**Student:** 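Can you keep this structure in mind? I'll have questions shortly.
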Amino acid sequence: MIVADLHIHSRYSRATARSLDPERLWLAARRKGLDLLGSGDFTHPAWLAELKEKLVPTEDGAFELRTDLAACLDDETPATCRRPVRFLLSGEISCIYKRGGRTRKVHSLILMPDFAAVERLNARLGRLGNIVSDGRPILGLDSQDLLALCLEVEPRVIFIPAHIWTPWFSLFGSKSGFDAIEECFGDLTGHIQALETGLSSDPPMNWRLRSLDRFTLVSNSDAHSPGNLAREANLLNCEPNYPALALALADRQGNGFAGTLEFFPDEGKYHLDGHRKCGMRLTPAETRAAGGRCPVCGGPLTVGVLSRVEELADRPPGAGPEVARSFESLVPLDEVLSEAMQRGPATKGVVAARGELLERLGPELYILRQAPLADLEQAGGSVLAEAVRRMRAGEVWVEGGYDGQFGVVRLFSPAERQKIKGQGAFWSLAREARPGPTPAPADHAQGRARAEAALLRPLDPALEDLNPEQARAVEHRGTPLLVRAGPGTGKTRVLVQRAARMVEEGLEPERILMVTFTRKAAAEMRERLAALAPSAEAVRVTTFHGLGREILTQALGAPPAVADEEARLALIVPLARDLGLKPGDLAQQLTRCKQTLMLPDGAVAEHLAAYEALLAKEGLLDLDDLVRQAAMRLHREQELARAWSGRFGQVLVDEYQDVNPAQVYLLRALCGPGVEVTAIGDPDQAIYGFRGADRSLFRAFASDFPGAARMGLIDNYRSGPAILALAQALIAGDPDPSRVIPRPRLTGGPLPVLCELANPEAEAEWVADKVVGLLGGVDSRQVETAPEAAPLNYGASDIAVLYRLHAQATALREALERAGVPVQVAAREPLAETDPLDFKAQRVSLLTMHAAKGLEFPVVFVAGLEEGLLPYQPPQRPPADLDEERRLLFVALTRAKDRLYLCRARQRALFGHSLRPALTPLMRDLASSLLIREKADAPRRRARQLGLFAT
DNA sequence: GGGTTCTAGATTTTT
DNA sequence: TCTAGAACCC
């Protein structure tokens, strides 16, 4: 028979002992009496390197401490405890993700048969999230996807849902788990052979669920220090190696898996229900009677494991499957000694006594489980012997743990304890009749209605039936049409509906052209169109550049060769040098010429001519040429114009505020008589002036396309009224009589929050604290210090952090990663290594305000609201245009649906200069009633704790 | 040619 | 302050 503890942690995990290295784990395992020990934390690169250095393979998939290291430590092991200790490679992963409208937090224990498999796994995980800053990494990955990934990497993986009943971080957790294992792991459930029951539950509790009968119930310590090793463990009748363990777990008929060593579940931190702040401990029946509310403060109770088991149980208490493994309930030796000596478990006396017992009798588990009472009496006195006898017999007094508070197991009555105190260990205990253990409450759980299966998102009203303004825009025919559509008013929807309606009316889909600026937008449009009306599939959806290329392809008889960025620079850089210009300036000058169609004079004309000659020599066009040349040819070449100007009967253009003159010129060429143009956009969201977009073209639409009708969308479906009010106040700084005041369709929601922090690091820290709070805490310390966290149910992908410059991302990313939050920084060049699961991983998005355009998030942070940063004041250059920067901030604010957090630093180092910037002038004059100014707590630790769950 | 030192410059971004 | 590219040195 061997004893195995498969789930532990290294010193690289949060809140773990610094002494957790392979040597001391090995030593502790020997003192405990363990034969097989999980390495823990194999996802952590530094820990894995240490394991590879210090462990050597022995049996199949098992490892031993290097002999030279073991030799050095042999002296430190009591002679009675010397035994071989094998390691297996194990790790734990915390998945935090949203499924079915609820935030899920599920921990999983994973074992792998060799280092190569671990490395394959880590390579994949490393692309999906941050596995370096915590030994137990937090990933925004669905548990089912994690299991799929593990199986893909190594079919022999042993995947065990960890401590399945803890409320905050487990498969069945009351706060963020599931009601059935299949709900969590879907059709991969069959690959799971074992479930870890955790400290707060024991096998009889688990036996009450028939659905768990087919699983092996394992128990591990989840130790965060060497001393806690083996506080729960497994008994196995097999060789101490990987395949033998796998077989023992999988084979429910055989007896490879003999049973478990358990905590008294009452001692676990989440056994009963309660509210720690108020000191309220409740049984499941009491909780029901109290309606799930704390009888003292009325706040929500943390529902413990016992309640949760009853809720899901389909067998009465005491019932179980026909075949079940045995188990023994133990109290850790230091606690037994603490009782026998009536002094704290960590006191010198207890520590010394334990050492002496180990020397004389053997490992801790032997002492607790097997040592004859006579030997115990001889080595440790009769009180100790009696204490151990009672423990083995289950004659204990318990105060159940609740809401993160460990329970207390007592081996002696108060009177006996008084006696021990008075007489010391010399007092000999009479065996007294004593009350049995606190009985488990015997009421039966009511099967709760599982109402929240597959929560449907509220139906989008604009999709179901259009509001009057939208309907007008969709149905208008006969003239060009310009629609002004503010953020969240259903702009794309109107465009898509309009196209679909036209198809319905009998227009061939090939006669409809939809034009966007980016391929991404085009793809989205295509998708939405297909979803709305399959018959509209043949509608042409493309970008301006794609359209230009197509026209040129026809004109030239072959697709034009287009200079990519690299080729273009290869021409521009030497040219700029010859001309004594900066390459960037020259590039800007040239692109400006092409986009505005302005015929330059003087020096610029020469530059352009020289550049065009170089392009011609290479037989290349640049990207600007795709639009410009297509437009010019359409205007000049009659045959080409004939082919194109009537090809489309309807042309719909998105984001019209971003067009440049070349694009309008192209549109006009395309739209001969009888062709109707629809343009939709929002001049308040024009943020690309710097790259040639000319928002005055929005206003000029009616003269470019005579007879145009104008309309505006009014209802905003995206943002709460408070967010909208702030954004509107901001944009009002740039008066525009034709602006439509939006009408919020959502109600309620908190005011936006503004906080001014000492520096960018503190600012990032503030953001990270808020994010952790919105996620309801990502580690147990957080949920235990602030368990009243409102059930906000935000997932990481519901949250975005926006900023003006990429340079701001570093501090924000670091703070979020330190907090354990999965993040994704939208970099200019996408990371080369992407994982197939990448698109499914849920992460907080870090984006520039520009990159956020067109997106929406339930929660938005906007960081760095400082003068100099917004509007941006580049060194040695003219400051960015105030109104365009105002629109940029407007775009940023209007990305938010429910919650908006604004912040800025009082001190910021930008390009080497340390500045003490003022608040951005864009926000200075806003009415104070539009937002809540939050005070920054000066000492960081306080800020962390208090800021956590404040809103 | 390869390595070191110096110095200017430093947004936002799509095709 | 950091970095990329140029200038410089052997």
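Since we're looking at a predicted model, the values are computed, not measured. So you know, we letter chains A, B, ... as the sequences are listed, proteins then strands, and number each from 1.
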**Student:** Would you mind reading off the distance between A:I687 atom CD1 and B:dT11 atom C1', rounded to a whole angstrom?
**Tutor:**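 Checked: the CD1 to C1' distance equals 13 Å.
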**Student:** Nearest of B:dT14, B:dT12, B:dT15 to any side-chain atom of A:H545?
**Tutor:**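 The listed nucleotide nearest to A:H545's side chain is B:dT15.
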**Student:** Counting side-chain heavy atoms from CB outward, which of B:dT13, B:dT11, B:dT15 is closest to A:R519?
**Tutor:** B:dT15
**Student:** Please determine whether a side-chain nitrogen or oxygen atom of A:T848 lies at a distance below 4.0 Å from atom OP1 or OP2 of B:dT13.
**Tutor:** yes
**Student:** With rounding to the closest Å, how many angstrom separate the P atoms on C:dC2 and B:dT13?
**Tutor:**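 These two P atoms come out 23 Å apart once rounded.
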**Student:** Between B:dT11 and C:dA4, how many Å separate the two P atoms, rounded to a whole number?
**Tutor:** 12 Å
**Student:** Rounded to the nearest Å, what distance is computed from the CG atom of residue A:D881 to the P atom of nucleotide B:dT12?
**Tutor:** 17 Å
**Student:** Please pick, from B:dT15, B:dT12, B:dT11, the nucleotide with the shortest atom-to-atom distance to any side-chain atom of A:H850.
**Tutor:**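 Among the listed nucleotides, the one closest to the side chain of A:H850 is B:dT12.
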**Student:** With a 4.0 Å cut-off on heavy atoms, is A:F517 in touch with a base, just the backbone sugar-phosphate, or nothing at all?
**Tutor:**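 Result for A:F517 = sugar-phosphate.
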**Student:** Can you find a side chain N or O atom of A:H806 that sits less than 4.0 Å from OP1 or OP2 on B:dT13?
**Tutor:** yes
**Student:** Among residues two or more places apart or on two chains, list those pairs meeting salt bridge (charged side-chain N to carboxylate O under 4.0 Å, His left out) that have a residue in residues 606-615 of chain A.
**Tutor:** A:K594-A:E612, A:E612-A:R628
**Student:** Would you call the rings of A:Y656 and A:F701 parallel, tilted or perpendicular, taking 30° and 60° as the class edges?
**Tutor:** perpendicular
**Student:** Is the phosphate of B:dA10 approached by A:R877 (side-chain N or O, under 4.0 Å from OP1 or OP2)?
**Tutor:**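 Answer is yes, contact under 4.0 Å.
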**Student:** Counting only side-chain heavy atoms from C-beta out, which of B:dT11, B:dT13, B:dT15 sits nearest to A:L623?
**Tutor:**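 Taking heavy atoms from C-beta onward, the closest nucleotide is B:dT15.
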**Student:** Measure from CD on A:Q808 to C1' on B:dT12 and round the result to the nearest Å.
**Tutor:**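 So the two atoms are 11 Å apart, to the nearest Å.
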**Student:** Would you kindly give the CG-to-C1' distance between A:D564 and B:dT14, to the nearest whole Å?
**Tutor:** 14 Å
**Student:** May I ask you to check if A:R695 and A:F698 form a cation-pi contact, with NZ or CZ under 6.0 angstrom from the six-membered ring centre and within 45° of the axis?
**Tutor:**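 Geometry flag: not set, cation outside 6.0 Å or 45°.
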**Student:** How many Å lie between CG on A:L666 and C1' on B:dT15, as a whole number?
**Tutor:** 14 Å
**Student:** Whole angstroms only, please: what is the CE-C1' distance between A:M849 and B:dT12?
**Tutor:** 10 Å
**Student:** Take atom CZ of A:R568 and atom P of B:dT13, then tell me their distance rounded to the nearest Å.
**Tutor:**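 Distance, rounded to whole Å: 17 Å.
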**Student:** Under a 3.5 Å distance rule, please check whether A:R843 uses its side chain to pair with a backbone N or O of A:P822 as donor and acceptor.
**Tutor:**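 Flag not set: sc A:R843 to bb A:P822 has no pair under 3.5 Å.
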**Student:** Under the ring pair (Phe, Tyr, Trp, His ring centres under 6.0 Å) definition, can you give me all pairs with a residue in residues 550-579 of chain A, not counting sequence neighbours?
**Tutor:**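 For residues 550-579 of chain A: none.
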**Student:** The side chain of A:R691 lies closest to which of these nucleotides: B:dT15, B:dT13, B:dT11?
**Tutor:**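 In terms of side-chain proximity for A:R691, the closest of B:dT15, B:dT13, B:dT11 is B:dT13.
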**Student:** Grab the CZ-C1' distance between A:R549 and B:dT15 for me, whole Å please.
**Tutor:** 9 Å
**Student:** Give A:F690 one of three labels, base, sugar-phosphate or nothing, depending on what nucleic acid heavy atoms sit under 4.0 Å from its own.
**Tutor:** base
**Student:** Let's see if you can work this out: which of B:dT13, B:dT11, B:dT15 has an atom nearest to the side-chain heavy atoms of A:L805?
**Tutor:** B:dT11
**Student:** Relative to the ring of A:Y901, is the ring of A:W766 parallel (under 30°), tilted (30 to 60°) or perpendicular (over 60°)?
**Tutor:**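 A:W766 vs A:Y901 ring planes: perpendicular.
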**Student:** Taking the side chain of A:A851 as heavy atoms from C-beta outward, which of B:dT11, B:dT14, B:dT13 is closest to it?
**Tutor:**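 The nucleotide sitting nearest to the side chain is B:dT13.
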